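Remember, predicted model here, so these are calculated numbers, not experimental data. Because only heavy atoms are used, hydrogens play no part in the values below, and waters and symmetry mates are left out as well, while side chains stay in. Residue numbers start from 1 in every chain, and the chains themselves are labelled A, B, ... in the order their sequence lines are given, proteins ahead of strands.
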2 protein chains.
Amino acid sequence: MSRRRPIAAALPAEPLDPAQIAGQVIDGDCIAVMRRLPDACVDMVFADPPYNLQLAGPLHRPNNSRVAAVEDDWDKFADFAAYDAFTHAWMAEARRILKPAGTIWVIGSYHNIFRVGAALQDLEFWILNDVIWRKTNPMPNFRGRRFTNAHETLIWAARDARSRYRFNYKALKQLNDGLQMRSDWLLPICSGPERLKDDDGRKAHATQKPLALLYRVLQAASAPGDLVLDPFFGTGSTGVAAKALGRRFIGIERDPGHVALATSRIAAAPDAADPRLLGGDGFEREPRIAFGLLVETGLLAVGDALVDRTGRHRVRVRADGLVEAGRGRSQAIGSIHQMGVKASGGPSCNGWVFWHVRRPDGTLEPIDGLRQHLRAEIARGRDAAADDHDDDDGDDRMVDEAGDADLTTYPEQPVS
Amino acid sequence: MSRRRPIAAALPAEPLDPAQIAGQVIDGDCIAVMRRLPDACVDMVFADPPYNLQLAGPLHRPNNSRVAAVEDDWDKFADFAAYDAFTHAWMAEARRILKPAGTIWVIGSYHNIFRVGAALQDLEFWILNDVIWRKTNPMPNFRGRRFTNAHETLIWAARDARSRYRFNYKALKQLNDGLQMRSDWLLPICSGPERLKDDDGRKAHATQKPLALLYRVLQAASAPGDLVLDPFFGTGSTGVAAKALGRRFIGIERDPGHVALATSRIAAAPDAADPRLLGGDGFEREPRIAFGLLVETGLLAVGDALVDRTGRHRVRVRADGLVEAGRGRSQAIGSIHQMGVKASGGPSCNGWVFWHVRRPDGTLEPIDGLRQHLRAEIARGRDAAADDHDDDDGDDRMVDEAGDADLTTYPEQPVS
DNA sequence: CCGGGGACTGAATCAAAAC
DNA sequence: TGTTTTGATTCAGTCCCCG
């Protein structure tokens with residue numbers, strides 16, 4: 001594990017077991033390390049690649065102090081062609097190791113983000129959003145020659161156009177005070193105690209990203225237990241955020257100094273709180289209720305009439321969980337959704353909210369109300385069982401058998 | 001002018017005189033039309049090219065109403081390669097007709113903006129900013145499968161890296177309540193009475209841009225009288241904004257219906273207000289004052305002492321407009337700026353704010369105060385002269401000789 | 001191309017001084 | 001000692017223009 005890199009590079013690349021190295025920072029070039037990982041083994045990739053800033057000379061503030069620039073060798077490329085080749089190479093590996101339902105996030109500025117976005121599209125990633133990180137406190141433009149460069153851009157993309165990716169819609173809506181999360185995020189830059197300093201008090205890394213940004217990324221597009229890979233790990237903000245949110249991670253970093261720093265930083269970082277509080281969506285898909293269950297449980301009886309909101313359309317409940325309309329030759333049979341499409345003429349229909357039962361007082365109640373009633377009953381029964389289980393087993397770790405009580409909240413929690 | 005397009009295309013392309021066609025909407029393919037324009041003839045290009053949205057099927061809202069999408073043929077491309085070829089073709093022509101100091105603006109969404117940005121860089125445009133148009137009222141994401149796509153991206157680029165482009169810094173700072181204008185702009189989408197409708201009450205163009213966006217673009221990077229070209233003119237918002245701000249324009253549009261609509265819209269649009277109110281920067285560079293003029297006018301006397309803010313450094317005023325420090329062998333002579341650099345040790349120094357005179361009450365006043373005093377006196381003299389001139393010649397048009405009074409405000413107003 | 005004039009910064013954090 | 005004010009420092013930077 002502490003072999004010198006020249007020797008390691010000369011050896012045939014041994015395969016890496018993702019489960020084994022989860023939680024570690026791997027020292028090495030990200031392309032070489034990713035090559036040692038199997039196909040389709042990670043749920044998400046977060047990448048903060050070099051921006052290729054192409055800075056010319058020194059820049060001074062009006063008070064003559066000098067602006068600390070990114071002068072590291074890792075940000076130097078001969079030209080756009082070299083940058084494009086590098087980008088295609090790491091991105092192709094990232095796509096190979098990504099699960100079919102996985103997504104990738106890449107952050108950049110106008111210096112590189114257009115190369116990055118075009119490369120993603122050329123590799124047949126499917127862009128889902130570009131997200132703007134608006135900085136509350138950007139560096140001003142000192143010479144008054146451009147607009148204050150007050151944002152960076154993240155691209156979020158699925159492995160391909162047909163990917164069934166994860167998006168924790170309701171959790172992010174909650175994070176945004178009940179409104180859909182937008183594609184522009186307002187967050188401060190990384191400074192103060194969060195900003196890592198070296199022994200001389202200088203910043204340890206030129207481009208450390210704020211944890212708040214990574215929290216939001218992970219909350220949006222991963223579930224607890226997911227494996228997240230960061231090929232440009234730096235000081236390990238992705239690892240700290242992953243640890244806090246109960247996600248597993250693999251970090252790859254080329255600079256041994258940063259590897260050591262990130263490793264100790266993550267060791268000292270707080271662990272996940274009770275994973276039940278971290279939710280994938282926090283609002284996972286509710287367990288499915290077959291319409292027929294309403295009949296079986298007696299909430300509806302065979303022959304009961306369902307009507308639409310206007311009362312113009314009307315179907316009768318059947319014993320097989322379908323509904324029928326009309327009689328004789330004009331009779332039609334189908335699911336509540338199919339018959340809703342027929343009645344409404346629209347391209348699709350949620351039968352649960354389209355069809356209603358008439359209450360004794362004559363008012364209409366959507367059959368979704370009956371479904372919610374049934375779900376609540378089922379949940380009550382499961383909670384009782386889960387409480388028994390918790391009493392048996394009092395610690396905080398995830399239950400091994402993915403007990404029913406947690407299933408609703410964490411359907412994709414791996415069984416380790 | 002009303003030739004049918006197939007015939008026009010078969011004829012040899014006649015050159016177009018930019019001054020002649022300024023203010024017109026040219027019916028035709030933008031690449032073909034730009035080819036007929038001479039090199040380096042326009043000051044700015046604003047382009048809202050097809051976004052290549054790649055929409056699959058129709059999208060419906062939860063209430064089953066259908067979302068009006070961009071379904072026009074002009075937005076259909078076979079693949080990314082076709083879109084890239086198209087983009088390179090029109091952009092190369094745009095660069096050719098752009099003046100060396102000219103800039104280009106291109107607006108797009110994540111569907112196309114990465115192709116656009118990469119093409120700009122490949123053609124050796126030099127990106128100055130990417131600007132985010134944040135929409136106050138974006139269309140929500142109806143399926144809850146992504147973030148609300150709440151922004152579009154504009155790229156602002158100079159013709160090349162060494163270009164001396166125009167940026168009306170102070171005017172935009174003013175627009176932003178005295179703070180530097182940032183790269184994220186919050187503006188409503190185009191709706192209400194501003195949104196053009198056809199006879200059936202449907203929107204006349206799928207992607208009409210708000211005038212406020214174009215006002216800001218033109219105010220930022222053009223001067224009154226500048227010639228602005230829009231190769232994808234649509235319903236002509238660029239023309240309406242240009243007219244209101246006293247800029248000249250050329251519009252190119254392929255769809256004859258849109259050409260007719262834009263032409264009549266612009267004819268009905270309000271004309272520029274008094275051009276003196278439209279400013280290039282509104283705050284053009286102040287006339288230069290030689291330090292020696294302070295001595296010649298008696299505001300300073302030979303031998304007067306100038307000190308820095310702390311009082312630690314001290315120079316004496318000479319008759320030749322230089323200042324000197326020390327005596328004998330250690331004596332140093334130079335401009336106020338050069339001696340400021342010596343005293344401060346910084347890489348540069350504005351002597352006008354570095355050096356101070358001591359007032360009778362003992363407080364320090366920067367010599368910039370004396371300069372402002374002198375400038376005000378000079379301006380008063382010029383205003384008086386200009387008033388005499390205005391009396392002779394009472395209309396509102398720009399004076400032919402670019403009279404001194406207007407020179408400060410509109411140095412680049414063409415005489416045409 | 002060189003030399004020189006001179007224009008140009010916002011929010012956050014933290015330390016030190018002032019009250 | 002507690003509180004407020006002031007000043008210094010810092011942040012992914014493609015950062016001048018004219019003769």
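Within the nucleic acid shown, A/Ser109 has no heavy atom closer than 4.0 Å to any nucleic acid atom. Among the atoms of the strands shown, base atoms are found under 4.0 Å from some heavy atom of A/Glu152. Residue contacts for A/Lys209: at a heavy-atom cut-off of 4.0 Å it reaches a base atom on one of the strands shown. Using a 4.0 Å heavy-atom distance criterion, A/Leu59 is classed as a base contact. Heavy atoms of B/Arg371 sit under 4.0 angstrom from primed sugar atoms or phosphate atoms, though from no base atom. At the heavy-atom level, A/Pro188 lies nowhere under 4.0 Å from the strands shown. Using a 4.0 Å heavy-atom criterion, one finds that A/Asn141 contacts the bases of the nucleic acid, with or without backbone contacts as well. Nucleic acid contact class of B/Cys349 (heavy atoms, under 4.0 Å, all strands): base. A/Trp133 comes within 4.0 angstrom of nothing in the nucleic acid, heavy atoms only. As judged by a 4.0 angstrom heavy-atom cut-off over every strand, A/Gly57 is placed among the base-contacting residues. Among the protein residues, B/Ile127 comes within range of the nucleic acid bases, having at least one heavy atom under 4.0 Å from a base atom. Within the nucleic acid shown, A/Ala206 comes within 4.0 Å of sugar-phosphate atoms alone, with no base atom in reach, counting heavy atoms only. As judged by a 4.0 angstrom heavy-atom cut-off over every strand, A/Ile113 is placed among residues making no nucleic acid contact. A/Pro49 comes within 4.0 angstrom of a base, heavy atoms only.
Of the side-chain N and O atoms in A/Lys203, none sit less than 4.0 angstrom from OP1 or OP2 of D/dA12. Considering only side-chain N and O atoms, A/Arg145 lies under 4.0 angstrom from the phosphate OP1 or OP2 of D/dC17. Phosphate contact (OP1/OP2 of C/dC8, side-chain N/O of B/Lys170, threshold under 4.0 Å): present. Contact annotation: B/His337 side-chain N/O to C/dG6 OP1/OP2 distance is under 4.0 Å. One finds a side-chain N or O of B/Tyr169 lying less than 4.0 angstrom from the OP1 or OP2 phosphate oxygen of C/dT9. OP1 or OP2 of D/dT10 has not a single side-chain nitrogen or oxygen of A/Ser191 nearer than 4.0 Å. For the pair A/Asn149 and D/dT14, the criterion of a side-chain N or O lying under 4.0 Å from OP1 or OP2 is met. In this model, the phosphate group of D/dC16 is approached by a side-chain N or O of A/Arg143 to a distance below 4.0 Å at OP1 or OP2.
The aromatic rings of B/Phe167 and B/Trp156 sit tilted relative to each other, their planes meeting at an angle between 30° and 60°. Using cut-offs of 30° and 60° on the angle between ring planes, the pair A/Phe147 and B/Trp105 is perpendicular.
Closest to the side chain of A/Tyr110, out of D/dC17, D/dT14, C/dC14, is D/dT14. The side chain of A/Trp74 has D/dA12 as its nearest neighbour among D/dT14, C/dT9, D/dA12. The side chain of B/Lys173 lies closest to C/dG10 when the candidates are C/dG5, C/dG10, D/dG13. Taking only side-chain atoms of B/Trp126, from C-beta outward, the nucleotide of D/dG13, C/dT13, D/dT14 with the closest atom is D/dT14. Side chain of A/Pro62, nearest nucleotide from C/dG6, C/dC14, C/dC8: C/dC8.
With no hydrogens or angles considered, a side-chain donor-acceptor pair links B/Arg247 and B/Ser222 at under 3.5 Å. Between B/Asp184 and B/His151, the side chains place no donor N or O within less than 3.5 Å of an acceptor N or O (distance only, hydrogens not considered). Side chains of A/Asn141 and A/Arg143: no donor on one and acceptor on the other come within 3.5 Å. Side chains of A/His111 and A/Ser109: a donor on one and an acceptor on the other come within 3.5 Å.
The NE2 atom of A/His151 sits 18 Å away from the C1' atom of C/dA11 (whole-angstrom rounding). Straight-line distance from the CZ atom of A/Arg61 to the C1' atom of C/dG6: 19 Å, rounded to whole Å. One can place CG of B/Asp368 at 7 Å from P of C/dA7, the figure rounded to the nearest angstrom. If you take CZ of B/Arg288 and C1' of C/dG5, they are 5 Å apart, rounded to a whole angstrom. Nucleotide D/dG13 holds its P atom 15 Å from the CZ atom of B/Arg182, rounded to whole Å. One interatomic measurement links the two molecules: CD of B/Glu286 to C1' of D/dC17, which rounds to 16 Å at whole-angstrom precision. One atom, CD of A/Gln208, and another, P of D/dA12, lie 9 Å apart when rounded to the nearest Å. One can place CG of A/Asn64 at 11 Å from C1' of C/dC8, the figure rounded to the nearest angstrom.
Comparing A/His111 and B/Ser163 by the nucleotide of DNA chain D that holds the closest heavy atom to each, the one mapping nearer the 5' end is A/His111. Nearer to the 5' terminus of DNA chain D, by closest-nucleotide assignment, is the contact made by A/Asn137 (compared with the other of A/Asn137 and B/Gln121). Along DNA chain C, the nucleotide closest to B/Ser348 and the one closest to B/Leu179 are compared, and the more 5′ of them pairs with B/Ser348. Between B/Asn350 and B/Gln338, the residue anchored nearer the 5' end of DNA chain C, judged by the nucleotide with its closest heavy atom, is B/Gln338.
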Dot-bracket summary - DNA chain C, pairs being Watson-Crick or G-U whose distances fall under 3.5 Å, with | when paired to another strand: .||||....||||||||||

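Taking syn as a glycosidic angle within 90° of 0, D/dT14 qualifies as syn.
Applying the 3.5 Å distance criterion, the base of D/dA12 shares no donor-acceptor pair with the side chain of A/Lys135. The base of D/dA12 sits with one of its N or O atoms less than 3.5 Å from a complementary donor or acceptor on the side chain of A/Asp48. With hydrogens and angles left out, the side chain of A/Arg195 and the base of D/dT10 share no donor-acceptor pair within 3.5 Å.
The shortest side-chain heavy-atom distance between B/Lys342 and B/His313 does not fall under the 4.5 Å cut-off. Contact check for B/Thr153 versus B/Ile107: no side-chain heavy atoms found under the 4.5 Å cut-off.
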A/Trp74/A/Phe232 under ring pair (Phe, Tyr, Trp, His ring centres under 6.0 Å): CA gap, chis, key distance, verdict: CA-CA 11 Å; A/Trp74 52 252; A/Phe232 306 97; 9.2 Å; no

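Once the 5.5 Å centre distance and the 30° plane angle are applied, the aromatic ring of A/Phe142 is found not to be stacked with the base of D/dC15.
Listed for the A/Asp79 side chain is a donor-acceptor partner under 3.5 Å among the backbone atoms of A/Ala81.
Geometrically, B/Arg318 does not engage B/Phe291 in a cation-pi contact, judged by NZ or CZ lying under 6.0 Å from the ring centre and within 45° of the ring axis.
Taking the ring pair (Phe, Tyr, Trp, His ring centres under 6.0 Å) definition, one finds that A/Tyr83 meets it with A/Phe77, sequence neighbours left out.
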